[in-house]
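Counting starts at 1 for both ligands and their atoms, following the listed order.
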Amino acid sequence: MKFDVIIIGAGAAGLFCAIESGRRGRKVLVLEHNAQVGRKILISGGGRCNFTNKDVKSEHFISRNPHFCKSALARYTPQDFVELVKKHKIEFYEKKLGQLFCRESSRQIVEMLLTECQKAKVKILTNYSVKDVSKDENFKVETGQGVFECESLVIATGGLSFPKIGAGDFGYKIARQFGLKIVETSPALVPLIFAKDSQNYKKLAGVSVDATVSCGKQTFRENILFTHRGLSGPAILQISNYCQKNKAVSIDLLPERDALEILQRNHESRQLLDNFLSQFLPNRFAEVFTALQSANKPVSQLSKMEIERAAEKLNDWQVLFDGTEGYDKAEVTLGGVSTDELSSQKMESKRVKNLYFIGEVVDVTGWLGGYNFQWAWSSGFAAGQFV
Ligand SMILES: Cc1cc2nc3c(=O)[nH]c(=O)nc-3n(C[C@H](O)[C@H](O)[C@H](O)COP(=O)(O)OP(=O)(O)OC[C@H]3O[C@@H](n4cnc5c(N)ncnc54)[C@H](O)[C@@H]3O)c2cc1C
């Protein structure tokens with residue numbers, strides 16, 4: 001069976017590219033190995049899909065080439081996607097920091113994409129796993145149920161995170177097969193595991209604290225969440241993209257407050273330090289943190305050095321991590337098909353004519369907050385104009 005365009009992967013990027021190329025009158029086939037399309041969309045944003053962010057800039061993405069994403073993001077913007085969502089009468093709201101979520105369910109986004117695919121006469125086959133790809137004049141795409149042929153081939157197979165819902169390394173294999181470079185991949189937007197010396201904090205599992213988390217020049221202010229193995233929560237997921245092994249992460253547990261100034265100003269307080277700190281921090285946290293970091297005495301009995309030490313720990317708690325929870329828990333994959341290999345305008349391989357890579361399989365990774373879906377829509381749109 002011959003098509004103008006075959007897209008491997010019916011996720012956010014693949015479906016969006018299918019809509020755009022179908023609208024141009026191209027005969028499009030999407031092959032998906034899951035029984036259902038858009039499984040990551042369905043589970044995203046806690047079931048409400050944080051489908052974009054009002055403020056999207058190249059600074060919100062990590063890539064060996066920080067400029068690569070600019071062209072696609074400028075040609076299909078968050079506003080464009082919001083218009084589409086409005087056209088489909090999907091109610092949405094801004095949760096925080098420009099993050100736009102469906103009011104009801106992520107399912108509405110998948111239904112919207114399927115409706116648009118239908119209008120654009122896109123053919124979608126689920127339960128079709130692509131095993132092999134070859135090229136002479138056209139591409140031959142082998143599945144367990146037969147071979148399909150196409151002029152343009154789009155790889156939209158996503159990254160390695162969440163293998164239990166179909167993620168795998170197929171896209172990278174195809175890239176390597178055709179001689180394209182891959183930027184080393186690693187789990188991103190992922191909970192971190194404490195190194196040995198911080199393991200006593202595990203007893204705080206379930207406690208959440210508003211904090212500023214920094215590593216190198218990167219800083220995020222949001223919640224951190226203690227887990228049974230380490231830390232999670234939005235600020236930690238964000239900083240996980242920038243963490244380096246053996247480099248401590250600095251956590252300010254009293255953001256915008258000077259702990260030293262507060263303790264010095266209250267140096268006559270007879271409250272035990274943990275009770276005193278529970279004005280600013282959750283009780284359980286104040287209790288465990290004080291027990292592990294300093295003497296739990298009345299503030300008035302703390303020596304100058306003890307006050308300085310406690311203040312330093314509160315404003316600049318240095319935490320070492322042993323690693324991450326891996327691809328099973330990572331929202332996305334850092335690295336991927338090198339942007340050196342692709343045209344930023346078309347997403348087409350510079351080496352192999354008519355071979356395209358879009359979405360998460362490319363070395364463009366967004367922050368938490370709707371940026372990864374915006375990259376999927378924008379890169380899918382870009383390729384959709386040329387395939
Ligand atoms: C739990 C979770 C929550 C998330 N929440 C958000 C959020 O709220 N906002 C946000 O912006 N981002 C979120 N993300 C990230 C976002 O889901 C991804 O960045 C985005 O889905 C990437 O789109 P994609 O189309 O490139 O890849 P995917 O959506 O992963 O789609 C790839 C598709 O290819 C299929 N496939 C793979 N190999 C083959 C093969 N050999 N043959 C056939 N089909 C194949 C897969 O089954 C899959 O359907 C979340 C991720 C996770 C895991």
Do any nitrogen or oxygen atoms of ligand 1 lie under 3.5 Å from a protein nitrogen or oxygen, and which ones?
{"from": "ligand 1", "atom 1": "5 (N)", "to": "Gly45", "atom 2": "N", "distance (Å)": "3.4"}
{"from": "ligand 1", "atom 1": "8 (O)", "to": "Gly45", "atom 2": "N", "distance (Å)": "3.2"}
{"from": "ligand 1", "atom 1": "8 (O)", "to": "Asn50", "atom 2": "N", "distance (Å)": "3.2"}
{"from": "ligand 1", "atom 1": "9 (N)", "to": "Asn50", "atom 2": "O", "distance (Å)": "2.9"}
{"from": "ligand 1", "atom 1": "11 (O)", "to": "Asn372", "atom 2": "N", "distance (Å)": "3.4"}
{"from": "ligand 1", "atom 1": "11 (O)", "to": "Phe373", "atom 2": "N", "distance (Å)": "2.8"}
{"from": "ligand 1", "atom 1": "19 (O)", "to": "Glu360", "atom 2": "OE1", "distance (Å)": "2.9"}
{"from": "ligand 1", "atom 1": "25 (O)", "to": "Ala12", "atom 2": "N", "distance (Å)": "3.1"}
{"from": "ligand 1", "atom 1": "25 (O)", "to": "Ala13", "atom 2": "N", "distance (Å)": "2.9"}
{"from": "ligand 1", "atom 1": "26 (O)", "to": "Glu360", "atom 2": "N", "distance (Å)": "2.9"}
{"from": "ligand 1", "atom 1": "41 (N)", "to": "Val130", "atom 2": "O", "distance (Å)": "3.3"}
{"from": "ligand 1", "atom 1": "42 (N)", "to": "Val130", "atom 2": "N", "distance (Å)": "3.1"}
{"from": "ligand 1", "atom 1": "44 (N)", "to": "His33", "atom 2": "N", "distance (Å)": "3.1"}
{"from": "ligand 1", "atom 1": "47 (O)", "to": "Glu32", "atom 2": "OE2", "distance (Å)": "2.6"}
{"from": "ligand 1", "atom 1": "47 (O)", "to": "His33", "atom 2": "NE2", "distance (Å)": "3.1"}
{"from": "ligand 1", "atom 1": "47 (O)", "to": "Asn34", "atom 2": "ND2", "distance (Å)": "3.2"}
{"from": "ligand 1", "atom 1": "49 (O)", "to": "Glu32", "atom 2": "OE1", "distance (Å)": "2.6"}
{"from": "ligand 1", "atom 1": "49 (O)", "to": "Glu32", "atom 2": "OE2", "distance (Å)": "3.2"}

Problem - Lys70 charged N/C atom sitting above Phe68 aromatic ring, 6.0 Å / 45° - result: no
Practice task
Mind telling me whether Phe61 and Tyr371 have parallel, tilted or perpendicular rings, with 30° and 60° as the class edges?
Solution key: perpendicular
Handout entry: Pair Phe81 + Phe51: ring centers closer than 6.0 Å
Key = yes
Problem - Check: Arg284 side chain, Lys203 main-chain N or O, donor-acceptor pair, under 3.5 Å - result: yes
Handout entry: Chi angles and distances behind the ring pair (Phe, Tyr, Trp, His ring centres under 6.0 Å) call for Trp377, Tyr76
Key = CA-CA 7 Å; Trp377 318 132; Tyr76 192 83; 8.2 Å; no
Exercise for the section: Name the orientation class of the two ring planes belonging to Phe289 and Phe285 (parallel below 30°, tilted from 30 to 60°, perpendicular beyond 60°). Expected result: parallel
